[in-house]
**Student:** 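Encoded as structure tokens, here's the structure I'll be asking about.
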Amino acid sequence: MDTSTPAPDYARLRQQQRDLAAQVELVDAFQGLPGRIAGVDTGFEEGGSITRSAAVLLDGQSLQPLHSALARRPTALPYIPGLLSFRELPAALEALAQLPAPPALVMVDGHGIAHPRGLGIAAHLGVLTGLPSIGIGKSRLVGDYEEPGPQRGDHSPLLFKGRQVGWVLRSKPRCKPLFVSPGHRVSVAQCLPLVVACLAGYRLPEPTRLADRLASRR
DNA sequence: GCGACAG
DNA sequence: ATCTTGTCGC
């Protein structure tokens, strides 16, 4: 008999993204710096057959890690640009749910609304959990922009289909810029200062940097 | 048809 | 994302 998994219906997944994108809220759910911030990132083991997600909870003021969690799952889908969230979200949500306390904001490695259909992994995670979220991409998926200045903090708007979907941020001198976009319940204007406030001398903001260490390296 | 394309 | 050590430059 055939024990293989049925072929994923990519057209269905894309339609699901359009439906969920309609639920994204780009209005700030809080003011100032949240007391607890979570960072989420995903890596792979065994040549890609195992998906490994990490979630780290940090104190929003000191940026010190309070707790961390790991989740492993058999990889269900291949990597397809634009459909990344369906591949990484199952494990990422599991890791996030293992944290002892819910964060007031989640920073995810990947894009927010800077996506072909407005639902990058950070936006997808935000809509499913109801939590405010921000996407931190390390390279461009969609949008046009001017190269930001060389100083830490220099930035320029990321434009897509006639509107601003995020920012391109020089988080560290001599390093490639970061692509910052809101996920859910955070405004385009506020996602930038929130990420800048989490920078601690590295290219990636602390939440995502710490989650990356657990999901990939160590 | 051709080029682009998160992790 | 992952396979992989040392090495050049700031």
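Convention: sequence-line order gives letters A, B, ...; per-chain numbering from 1.
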**Student:** Establish, from distance only, whether the side-chain atoms of A:Ser49 and A:Thr75 form a donor-acceptor pair under 3.5 Å.
**Tutor:**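 Short answer, no.
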**Student:** Taking transitive links into account, so neighbours of neighbours count too, which hydrophobic residues share a cluster with A:Leu159 at under 4.5 Å side-chain distance?
**Tutor:**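 In the cluster with A:Leu159 there is nothing else; it is isolated.
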**Student:** Please examine the side chains of A:Leu178 and A:Pro205, heavy atoms only from C-beta on, and report whether any two atoms are closer than 4.5 Å.
**Tutor:**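 Sidechains of A:Leu178 and A:Pro205: in contact.
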**Student:** Checking side-chain polar atoms at under 3.5 Å, does A:Asp109 have a donor or acceptor matched by the opposite partner on A:Thr208?
**Tutor:**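 No, no side-chain donor-acceptor contact under 3.5 Å.
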**Student:** Mapping A:Asp212 and A:Arg174 onto DNA chain C by nearest heavy atom, which one lands closer to the 5' end?
**Tutor:**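 Looking at the nearest nucleotide for each, A:Asp212 comes out on the 5' side.
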**Student:** Taking C-beta and beyond as the side chain, do A:Tyr79 and A:Glu88 meet within less than 4.5 Å on heavy atoms?
**Tutor:**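 In short, these two side chains do not touch, never coming nearer than 4.5 Å.
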**Student:** What dot-bracket string describes DNA chain B from 5' to 3', counting Watson-Crick and G-U wobble pairs whose defining distances are under 3.5 Å, with [ ] for crossing pairs and | for pairs to another strand?
**Tutor:** .......
**Student:** If I take atom CD in residue A:Glu45 and atom P in nucleotide C:dT2, what distance separates them, rounded to the nearest angstrom?
**Tutor:**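 The distance from CD of A:Glu45 to P of C:dT2 comes to 9 Å, rounded to the nearest Å.
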**Student:** Are the side chains of A:Ser68 and A:Val56 in touch, meaning some heavy atoms are under 4.5 Å apart?
**Tutor:**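 With C-beta onward as the side chain, the pair touches.
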**Student:** Under a 4.5 Å side-chain heavy-atom rule over Ile, Leu, Val, Met, Phe, Trp and Tyr, are A:Leu57 and A:Leu210 clustered together?
**Tutor:**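 Hydrophobic grouping puts A:Leu57 apart from A:Leu210.
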**Student:** Are the side chains of A:His115 and A:Ser85 in contact, using a 4.5 Å heavy-atom criterion?
**Tutor:**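 No. Closest side-chain heavy atoms not under 4.5 Å.
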**Student:** Across nucleotides 1-7 of chain B, 5' to 3', mark each nucleotide with B, S or - according to how protein heavy atoms within less than 4.0 Å reach it.
**Tutor:** ---SBBB
